[in-house]
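Notes follow the structure.
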Amino acid sequence: MGKHRIRKAMACILILSLFTAEGLSGTGTGTVSAAGMDAIETTIPQQTEEPVETSAPSDTPDPVSTPTPAPTAAATPQPIQTMPPVQTAAPTQTAAPKPAKFVLMNKEAKYAKGGQTGIHYHKVKGKKIYHMQSYTTDSVQLTMSHPATFSIYGGGSKKEVKKKMASVSSKGLVKCHRKGKGEKLYTVVKAVSKTTGDIQYIYIYFQKKITVSNGKGIHIYEKHTEQLNFDYDYKKVSISVTNKKKIKVSRRGRIEALKHGTAYITVKVKGSQKNEVRIKVIVQKEPWIVSSKDKLYDYEDMTRDLHALIKKYPGKTGLKSIGKSYDSREIWCFRIGSSGASRKLVIDAAIHAREWLNTQVIMRQAEEILRSYQDHRKRFANTCIYIIPMDNPDGVSISQYGFDAIRNKKLRKKCEKIGHSDIWKANARGVNLNNNFPAGFIKKKKKKPHYMNYFGKKAGSEKETKALMKFINEGKPEAVLNLHSMGNVLYWDFNVEGKLYEQLSEFAGKVASFNKYALMPKSSSTDAAGGFADWLVYEKEIISITVETGSVRCPLPHSQFKPIYKRNNKMFQWFMTEY
């Protein structure tokens with residue numbers, strides 16, 4: 001027995017002794033007084049405790065907290081009983097959790113049988129596999145529910161698999177190594193669980209890289225448009241622009257050039273990592289075909305420009321000759337708009353030789369309208385404009401270059417006899433064409449060719465006159481705008497009444513509202529005298545007015561081009577696009 005237990009036993013004997021003594025003295029309380037307890041503590045010798053071995057708790061009640069009945073004198077102290085050791089239950093062993101099912105965790109994957117387009121080598125049959133789509137430009141990260149090993153299992157052919165057109169890393173990153181234009185790739189990846197040995201197959205279709213047939217560099221003129229042609233549906237792509245001040249692009253890929261400079265367009269397939277194409281767009285100031293600086297705009301310049309315009313604007317323009325002059329020059333007629341349009345309008349110029357500056361004015365104006373053709377597509381679907389920029393090409397050539405411009409020797413000799421090439425007004429036969437039409441045709445004093453006052457042997461005698469009449473009779477235009485020079489005035493008030501008069505008045509008033517030209521009253525200038533406008537109004541009942549441009553004597557110097565163009569620009573645009 002250890003020292004601690006000996007001390008404890010001695011304390012118990014002492015307590016019993018005190019209980020006995022107090023009982024004998026007649027207190028009869030059966031409890032230990034405070035003095036008694038002090039005596040006990042004093043009586044027990046204080047010893048330094050040593051380490052005590054741990055034992056099971058004793059069955060003996062606590063002597064302090066539980067009162068003990070006083071024993072008789074003959075009672076003998078009972079031996080101290082100890083509690084048996086407490087048995088601790090052995091811990092319950094939990095069974096190891098069953099591994100989760102081996103599956104592909106990628107949310108975009110679909111799990112189904114079949115559907116392995118393009119797989120001819122190791123096609124998985126009779127079981128469900130995972131299906132995914134990506135792009136040849138992108139990689140695919142496979143995420144499995146278990147740690148796994150990966151390998152390329154199947155493909156378009158055995159040769160393709162051997163060449164490693166698709167590869168997969170130990171961490172499940174699948175890459176496509178076929179990235180050519182229009183190329184696609186199909187592959188099957190095998191994934192094996194390191195935990196359970198289960199197998200899953202993943203079919204991946206790598207779609208082609210997006211391409212734009214316009215190329216990676218586009219040159220476009222200001223105010224022009226161009227359509228991007230990419231090989232993906234516009235709903236599947238997003239389009240962004242670096243410089244929106246230079247160009248604007250619609251969601252369908254329509255480019256509108258705003259201002260000269262450089263911008264970049266990125267067309268990206270939605271949901272892809274790198275499937276995109278970047279296009280450089282250079283916006284340039286558009287060079288004019290018809291020069292405004294040419295100081296002597298002649299028949300050859302006009303012919304060259306007409307062919308250049310129809311080449312530049314195919315489908316929007318047309319060009320034909322309505323006849324030939326006596327020196328074999330074509331009388332060109334230029335069309336803007338659909339050839340099948342039911343409504344026709346006409347502008348003609350230079351029926352008088354020395355008024356050739358109007359040819360340059362209307363040619364330049366025609367090009368300006370063509371530049372904004374897209375804005376007027378609906379208009380030109382049912383209305384077309386016919387422009388005859390030089391009614392009298394032989395006469396213009398004489399006015400500009402003298403009689404040497406006439407190639408036919410007989411004609412040249414006749415003209416040389418007449419003289420006055422610098423102010424020449426007639427055609428190459430000395431006939432004033434604007435007095436040769438069958439509407440009030442009269443014979444005047446001059447009974448032989450003249451540079452301005454001979455009207456011909458009879459009405460409609462000249463080739464140029466016949467060509468214009470035939471064109472009008474076949475085309476039946478609604479209105480004709482005649483360009484002459486000079487005076488900055490409008491002749492419109494013919495000797496007609498009723499609806500035709502009202503139409504002429506309204507037409508002239510609108511033209512004057514733009515160019516601010518003076519409206520001339522009814523006079524001999526509007527009496528029938530064999531003029532083109534006379535024939536149109538009196539004989540054909542077609543609306544026609546004459547616009548006299550310029551403020552100095554003819555032939556107008558080139559310095560008159562700018563003010564004429566400026567004053568009439570909006571008028572021409574209105575007539576061609578709104579009238």
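Using a 4.5 Å heavy-atom threshold, the side chains of K184 and Y186 count as touching. In this structure, E464 and Y326 have side chains that are in contact, with non-hydrogen atoms separated by less than 4.5 Å. Under the 4.5 Å side-chain criterion, counting only non-hydrogen atoms from C-beta, N495 is in contact with Y538. With contacts defined as side-chain heavy-atom distances shorter than 4.5 Å, the pair Q360/D294 qualifies. Side-chain contact between L433 and D391 is absent, with no heavy-atom pair separated by less than 4.5 Å. Contact of the W424 side chain with the Q400 side chain is not registered, since no non-hydrogen atoms from C-beta on lie closer than 4.5 Å. Counting heavy atoms from C-beta outward, M469 and I472 have side chains that stay 4.5 Å or more apart. By the 4.5 Å heavy-atom criterion applied to side chains, Y517 and R567 are counted as neighbours.
To the nearest 0.5 angstrom, L357 atom CG is 6.5 Å from S485 atom OG. The distance from the CD1 atom of I387 to the CE atom of M363 is 8.0 Å, given to the nearest 0.5 Å. For the atom pair OG1 (T546) and CZ (F532), the distance works out to 10.0 Å, reported to the nearest 0.5 Å. Note that the NZ atom of K516 and the CE atom of M571 stand 12.5 Å from one another [nearest 0.5 Å]. Note that CE of M165 is 10.0 Å distant from OG1 of T136, once rounded to the nearest 0.5 Å. Once rounded to the nearest 0.5 Å, the distance linking CG of L306 with CD1 of I289 reads 10.0 Å.
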Problem set entry | Residue pair I255, I218: steps toward the side-chain contact (heavy atoms from CB on, under 4.5 Å) verdict | CA-CA 10 Å; I255 304 171; I218 294 175; 4.0 Å; yes

For this session: Give the C-alpha distance, both sets of side-chain angles, the deciding distance and a yes or no for side-chain contact (heavy atoms from CB on, under 4.5 Å) between I369 and F572.
Result: CA-CA 9 Å; I369 291 296; F572 283 127; over 6 Å; no

For this session: Check the pair R329 / D327 against salt bridge (charged side-chain N to carboxylate O under 4.0 Å, His left out), numbers first and verdict last.
Result: CA-CA 6 Å; R329 290 180 176 86; D327 201 31; 2.8 Å; yes

For this session: Apply the test side chain to side chain donor-acceptor pair (under 3.5 Å) to residues D231 and T211: give CA-CA distance (whole Å), side-chain angles for both, the deciding distance (0.1 Å), then the verdict.
Result: CA-CA 6 Å; D231 52 359; T211 57; 2.7 Å; yes

Problem set entry | Stepwise side-chain contact (heavy atoms from CB on, under 4.5 Å) check, K248 with L258 | CA-CA 7 Å; K248 184 166 65 175; L258 304 176; 4.3 Å; yes

Exercise. Where do D422 and S399 land on the side chain to side chain donor-acceptor pair (under 3.5 Å) test, with the steps shown first?
Worked result: CA-CA 5 Å; D422 56 333; S399 176; over 6 Å; no

For this session: Could you go through the side chain to side chain donor-acceptor pair (under 3.5 Å) check for E368 and Q573 one step at a time?
Result: CA-CA 9 Å; E368 185 171 333; Q573 289 191 30; 3.0 Å; yes

For this session: Show the numbers, then the answer: is there a side chain to side chain donor-acceptor pair (under 3.5 Å) between Y491 and N482?
Result: CA-CA 10 Å; Y491 291 104; N482 303 284; over 6 Å; no

Exercise. Can you list the steps and then say if Y205 with T117 is a side-chain contact (heavy atoms from CB on, under 4.5 Å)?
Worked result: CA-CA 8 Å; Y205 166 36; T117 302; over 6 Å; no

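A donor-acceptor distance shorter than 3.5 angstrom exists from the side chain of K270 to the backbone of K235, with no hydrogens or angles considered. N432 places a side-chain N or O within 3.5 Å of a backbone atom of M452 that can act as its donor or acceptor partner.
In this structure, K208 does not pair ionically with E183, as no charged nitrogen and carboxylate oxygen lie closer than 4.0 Å. No salt bridge links D138 with K274; every basic N to acidic carboxylate O contact stays at or beyond 4.0 Å. Here E222 does not pair with K285 in a salt bridge; the nearest charged N to carboxylate O distance is not below 4.0 Å. Salt-bridge formation is not detected for the pair K223/E286: no Lys NZ or Arg NE/NH1/NH2 atom is positioned less than 4.0 Å from an Asp or Glu carboxylate oxygen. Contact check on K344 versus E478 returns no salt bridge, with no Lys/Arg side-chain nitrogen under 4.0 Å from an Asp/Glu carboxylate oxygen. Looking at D301 and R304, a side-chain N of the basic residue comes within less than 4.0 Å of a carboxylate O on the acidic one, giving a salt bridge.
Counted within 6.0 Å of NZ on K457, heavy atoms from surrounding residues, nucleotides or ligands total 12 or fewer; the atom is thus considered open. Residue E506 places its CD atom among 12 or fewer non-hydrogen atoms of other residues, nucleotides or ligands, all under 6.0 Å distant. Annotation: E541, atom CD; neighbour count of heavy atoms from other residues, nucleotides and ligands within 6.0 Å does not exceed 12. Other residues, nucleotides and ligands place more than 12 heavy atoms under 6.0 Å from the NZ atom of K463. More than 12 non-hydrogen atoms from other residues, nucleotides or ligands lie less than 6.0 angstrom from CD of Q227. Annotation for R254: atom CZ counts as buried by contact number, over 12 foreign heavy atoms lying within 6.0 Å. Other residues, nucleotides and ligands contribute more than 12 heavy atoms inside 6.0 Å of the NE2 atom of H177. In K216, the NZ atom is not crowded: 12 or fewer heavy atoms of neighbouring residues, nucleotides or ligands sit closer than 6.0 Å.
A search for side chain to side chain donor-acceptor pair (under 3.5 Å) contacts involving S338 returns nothing, not counting sequence neighbours. Looking at residues two or more places apart in sequence or on another chain, you find a ring-ring contact (aromatic ring centres under 6.0 Å, His included) between H224 and Y221. Residues passing the side-chain contact (heavy atoms from CB on, under 4.5 Å) test with K268 are S238, S272, E276, sequence neighbours excluded. For R178, the salt bridge (charged side-chain N to carboxylate O under 4.0 Å, His left out) partners are E160, not counting sequence neighbours. In terms of the side-chain contact (heavy atoms from CB on, under 4.5 Å) criterion, residue partners of T242 (sequence neighbours excluded) are, by chain and number, A263, Y264, R278.
Side-chain atoms of N473 and K540 include a donor-acceptor pair closer than 3.5 Å. A donor-acceptor contact closer than 3.5 angstrom is absent between the side chains of S551 and N488. Between the side chains of N358 and T549, a donor-acceptor pair is found at a separation under 3.5 Å. No side-chain N or O of N427 forms a donor-acceptor pair with one of D394 less than 3.5 Å apart. Residues S505 and W492 have side chains that never bring a donor and an acceptor to within less than 3.5 angstrom of each other.
Y579 and F507 have their aromatic ring centers within a separation under 6.0 angstrom. Between W356 and Y299, the distance separating the two ring centers is not shorter than 6.0 angstrom. Aromatic ring centres of F441 and W535 lie farther apart than the 6.0 Å criterion allows. For Y373 and Y313, the gap between ring centers reaches or exceeds 6.0 Å.
The ring-ring contact (aromatic ring centres under 6.0 Å, His included) contacts involving residues 450-477 comprise Y386-F471, H420-Y451, where partners must be two or more places apart or lie in separate chains.
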